[in-house]
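Each ligand, and each atom within it, is numbered from 1 in the order the structure gives. Reckoned from all heavy atoms, side chains included, excluding hydrogens, waters and symmetry mates.
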Amino acid sequence: MRIDTTRRERFLGARRDRNLCVLEGLHAVKHAHRFGAVFGEVVTRDPEAQIELAHNLAPDIADWLAAAAVCVGPDGFDQLAPLAHPTGVMAVAERRAHEAEQILRATGGPVVFLEEPVHLGNVGAAIRVVAAAGGGALLTSGRHDPWSPESLRAAAGLHFAVPVARVEALGAYGDRFVALDADAPDLREVALPERPILAFGSERQGLSSEIMDRAAVRASLPMREGVSSLNLATAVAAVLYTLRATSER
Ligand SMILES: C[S@@+](CC[C@H](N)C(=O)[O-])C[C@H]1O[C@@H](n2cnc3c(N)ncnc32)[C@H](O)[C@@H]1O
């Protein structure tokens with residue numbers, strides 16, 4: 001099959017486009033479709049294999065995928081991303097734009113704020129657990145784009161299930177901050193503010209002194225003696241499920 005260079009440019013260009021996002025793999029495409037993403041283009045390496053996989057893993061999207069996906073062949077598919085996904089499906093979709101102010105006014109599950117995260121895999125894994133555990137939104141600060149293809153891949157496309165946005169500063173909301181820090185009192189014994197914003201620090205530095213000082217409360221997940229900290233995304237998961245278990249009691 002002849003390689004379509006304009007398609008390749010569209011897919012590679014979408015990785016840098018602030019209005020678009022690239023979904024890599026069946027699970028990412030499945031979640032995006034389930035949560036109402038607007039797709040520009042869906043491609044497959046092999047339509048028959050794709051339909052069989054969808055029938056096995058995501059039967060609810062199998063018919064839609066069969067109709068929407070264009071076959072680009074193995075060579076064409078491998079050219080559309082730096083690391084072609086083994087499930088053989090990829091798509092370009094429109095990003096959802098969210099205003100931080102609107103997110104913070106909304107009522108719903110706790111908002112998770114990641115301060116200057118470094119690893120996009122952690123950002124994606126955190127988005128995935130916010131969506132799964134009923135969190136209200138995921139906000140990040142710092143230079144990394146939470147809608148990057150690496151983050152979408154790790155989140156399995158769940159950016160469409162909860163609001164995800166990068167913010168400049170959240171200083172005005174200090175009275176809602178819960179600063180998660182390994183040296184703080186036990187989360188289960190701390191009284192949380194109304195509509196908490198759960199603030200997590202970066203992988204290497206932890207939370208800045210600015211957030212630690214402004215936070216309404218500080219809280220930790222107790223750990224065995226000798227362990228310094230949990231991985232960032234693991235900490236987000238443990239905090240959300242601890243709060244969920246506590247509120248269900
Ligand atoms: C990998 S840790 C950062 C470790 C960093 N060296 C430090 O000194 O804080 C990333 C973030 O996960 C959260 N975290 C990790 N372990 C935690 C725990 N046991 N209790 C509460 N939060 C934790 C914190 O928000 C922390 O800033």
Side-chain angles (χ1 to χ4, degrees), residues 100 103-104 108-148 150-151 153-156 158-159 162-249:
I103 291 172
L104 293 164
V111 170
V112 169
F113 170 60
L114 306 183
E115 186 183 33
E116 302 192 5
V118 175
H119 298 294
L120 288 161
N122 274 337
V123 175
I127 291 166
R128 192 167 180 169
V129 75
V130 168
L138 183 127
L139 303 176
T140 64
S141 65
R143 65 192 178 91
H144 288 303
D145 176 7
W147 281 82
S148 69
E150 294 79 5
S151 169
R153 194 161 163 147
L158 283 161
H159 290 59
V162 286
V164 173
R166 185 159 46 163
V167 293
E168 290 296 325
L170 288 177
Y173 296 91
D175 58 346
R176 285 170 56 189
F177 276 150
V178 178
L180 275 307
D181 181 72
D183 295 325
D186 188 327
L187 173 65
R188 294 163 299 178
E189 287 155 21
V190 167
L192 301 189
E194 289 283 308
R195 295 193 293 146
I197 301 171
L198 307 171
F200 295 83
S202 77
E203 292 86 341
R204 188 148 317 155
Q205 312 289 345
L207 277 171
S208 64
S209 53
E210 192 194 343
I211 297 228
M212 290 287 272
D213 294 345
R214 283 191 183 182
V217 286
R218 300 177 184 185
S220 75
L221 296 157
M223 296 181 295
R224 181 180 169 185
E225 181 92 33
V227 178
S228 319
S229 67
L230 295 166
N231 158 273
L232 172 58
T234 306
V236 174
V239 166
L240 286 176
Y241 278 103
T242 299
L243 295 181
R244 205 169 131 147
T246 317
S247 73
E248 281 169 1
R249 245 181 243 142

Any side-chain heavy-atom pair of V190 and V178 under 4.5 Å
no

Side chain to side chain, V236 and L198, heavy atoms closer than 4.5 Å
no

If you measure every N or O of R204 against every N or O of ligand 1, does any of those distances drop under 3.5 Å?
yes

Tell me, do I211 and E115 make a side-chain contact under 4.5 Å, heavy atoms counted?
yes

Is the shortest distance from a heavy atom of S202 to ligand 1 less than 4.0 Å?
yes

Taking distance alone, with N or O pairs closer than 3.5 Å, would you say G201 contacts ligand 1?
yes

Is there a side-chain contact between E203 and N122, using heavy atoms and a 4.5 Å cut-off?
yes

Less than 4.5 Å apart, side chain to side chain, heavy atoms only: is that true for L104 and L139?
yes

Between R218 and D213, is there a salt bridge with N-O shorter than 4.0 Å?
yes

With heavy atoms of L207 as the reference, note each atom of ligand 1 found under 4.0 Å away.
27 (O)

State, with a plain yes or no, whether a side-chain heavy atom of L192 is found less than 4.5 Å away from one of L243.
yes

Atom indices of ligand 1 within 4.0 angstrom of S220 heavy atoms, with elements:
20 (N), 21 (C)

Going by heavy atoms in the side chains, are D145 and S151 under 4.5 Å from each other?
no

Do any N/O atoms on L230 end up under 3.5 angstrom from N/O atoms on ligand 1?
yes

For atom 4 (C) of ligand 1, state which one of E203, M212, R218 supplies the nearest heavy atom.
E203

Atom 12 (O) of ligand 1 sits nearest the protein heavy atom A235 CB, 3.8 Å

Just distances here: any N/O of L221 and N/O of ligand 1 closer than 3.5 Å?
yes

Numbered atoms of ligand 1 (with element) below 4.0 Å of A182, judged on heavy atoms
18 (C), 19 (N), 20 (N), 21 (C)

Return yes or no for this condition: an N or O of L180 is under 3.5 Å from an N or O of ligand 1.
yes

Of all the atoms in ligand 1, which lie at a distance below 4.0 Å from a heavy atom belonging to M223?
19 (N)

Report yes if some heavy atom in the side chain of V111 is under 4.5 Å from a heavy atom in the side chain of Y173; otherwise report no.
no

Could you find the nearest protein heavy atom to atom 7 (C) of ligand 1 and give me its residue, atom name and distance?
G206 CA, 3.9 Å

